[in-house]
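Data first, discussion second: the structure below is written as structure tokens.
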Amino acid sequence: MATYQSEAAATGPRVDPLDAGKVCCRSAKYTNVGAKPANDVFEMVPVPKGALILDIKWNITALGVGRTIDIGDGGTVDRFFDGIDVSAAAAGHLFGTGGQNQFHTYAADDTVDVVVLGDTLPDGAVINMTVFYTMTGIIADETAVFGA
């Protein structure tokens with residue numbers, strides 16, 4: 001199993017003390033060159049320690065019959081979405097759509113990842129992702145609510 005990174009993931013997370021109380025947003029696009037084996041990891045969006053996930057929006061080109069994706073992170077491959085059918089072009093988001101762990105808080109820097117299951121990621125496939133989060137542990141009332 002290999003790991004590939006979007007340009008956003010390669011630059012890593014950024015934390016600015018002025019982010020306290022704001023909703024932060026990071027986006028990434030990965031355009032595949034050459035078929036990649038099933039179960040390879042595509043690190044898409046970096047998230048910093050203390051990030052509380054609010055929403056994840058994603059879309060992907062049609063990958064063909066029998067392919068599904070998981071969306072998760074370095075700790076749990078399907079933390080947010082498990083087994084999404086991407087035979088046809090697909091899109092979705094976490095907030096209010098039955099995804100799991102919407103309010104997950106990161107204890108260490110990580111990335112939100114995509115894993116293609118069932119078959120290769122074809123040449124030319126495109127994955128887009130935007131992650132919305134807020135930083136916990138900076139403002140006292142947020143720390144009390146979210147326990148960071």
Side-chain angles (χ1 to χ4, degrees), residues 1-15 19 22-138 142-148:
M1 176 173 62
T3 300
Y4 305 92
Q5 291 185 316
S6 69
E7 288 184 34
T11 63
R14 83 168 175 80
V15 178
D19 288 343
K22 295 179 182 176
V23 173
C24 303
C25 176
R26 289 286 306 263
S27 296
K29 177 180 182 176
Y30 182 85
T31 302
N32 194 39
V33 177
K36 304 291 190 302
N39 303 319
D40 280 359
V41 176
F42 299 88
E43 294 180 340
M44 293 299 296
V45 177
V47 289
K49 175 183 177 180
L52 171 79
I53 299 300
L54 301 173
D55 199 3
I56 298 171
K57 294 184 180 231
W58 58 271
N59 66 57
I60 191 166
T61 56
L63 299 186
V65 175
R67 290 179 178 94
T68 60
I69 62 170
D70 286 347
I71 298 177
D73 55 35
T76 305
V77 69
D78 57 3
R79 181 178 307 280
F80 302 110
F81 293 94
D82 184 18
I84 301 166
D85 181 357
V86 289
S87 298
H93 66 97
L94 184 62
F95 186 77
T97 62
Q100 47 209 31
N101 293 308
Q102 177 184 355
F103 295 115
H104 178 71
T105 301
Y106 282 90
D109 291 351
D110 205 337
T111 54
V112 178
D113 309 331
V114 172
V115 176
V116 179
L117 308 167
D119 206 336
T120 60
L121 181 68
D123 182 49
V126 178
I127 305 168
N128 292 294
M129 182 179 289
T130 300
V131 176
F132 298 89
Y133 63 91
T134 190
M135 295 303 299
T136 60
I138 299 173
E142 287 180 348
T143 300
V145 172
F146 296 113

Drop me the distance from [X]'s [atom1] to [Y]'s [atom2], to the nearest 0.5 angstrom.
X      : Y      : atom1 : atom2 : result
Thr105 : Met135 : OG1   : CE    : 9.5 Å
Asp55  : Ile53  : CG    : CD1   : 9.5 Å
His104 : Ile56  : NE2   : CD1   : 9.5 Å
Glu43  : Thr111 : CD    : OG1   : 3.5 Å

Any side-chain heavy atom of [X] sitting closer than 4.5 Å to one from [Y]?
X      : Y      : result
Met129 : Lys57  : no
Asp109 : Val47  : no
Ile84  : Ile71  : yes
Arg67  : Ser87  : no
Val116 : Leu63  : yes
Phe80  : Asp73  : yes
Tyr30  : Asn128 : no
Leu52  : Phe103 : yes

Main-chain N/O of Asp70 paired to Asp82 side chain as donor or acceptor, under 3.5 Å: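 Here the side-chain-to-backbone pair does not exist.
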Main-chain N/O of Ala28 paired with Ser6 side-chain donor or acceptor, under 3.5 Å: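 No, the answer is negative, given that no donor and acceptor are paired below the 3.5 Å cut-off.
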Return the minimal non-hydrogen interatomic distance between [X] and [Y], and the atom names on each side.
X      : Y      : value
Asp113 : Met44  : OD1-N, 4.1 Å
Leu54  : Thr134 : CD1-N, 4.1 Å
Lys49  : Ala107 : CG-O, 3.3 Å
Asp123 : Asn32  : OD1-O, 3.6 Å
Ala2   : Asp40  : N-OD1, 2.9 Å
Ala90  : Asp85  : CB-O, 4.1 Å

Please lay out, stage by stage, how Phe42 and Gln5 fare under the test side chain to side chain contact (heavy atoms under 4.5 Å, CB included). CA-CA 6 Å; Phe42 299 88; Gln5 291 185 316; over 6 Å; no
From CA spacing to verdict: side chain to side chain contact (heavy atoms under 4.5 Å, CB included), Lys29, Ile127: CA-CA 6 Å; Lys29 177 180 182 176; Ile127 305 168; over 6 Å; no
Derivation of the side chain to side chain contact (heavy atoms under 4.5 Å, CB included) call for Val45 and Thr130: CA-CA 7 Å; Val45 177; Thr130 300; over 6 Å; no
Go through the steps to decide whether Trp58 and Ile69 satisfy the test side chain to side chain contact (heavy atoms under 4.5 Å, CB included), and finish with yes or no. CA-CA 11 Å; Trp58 58 271; Ile69 62 170; 4.2 Å; yes
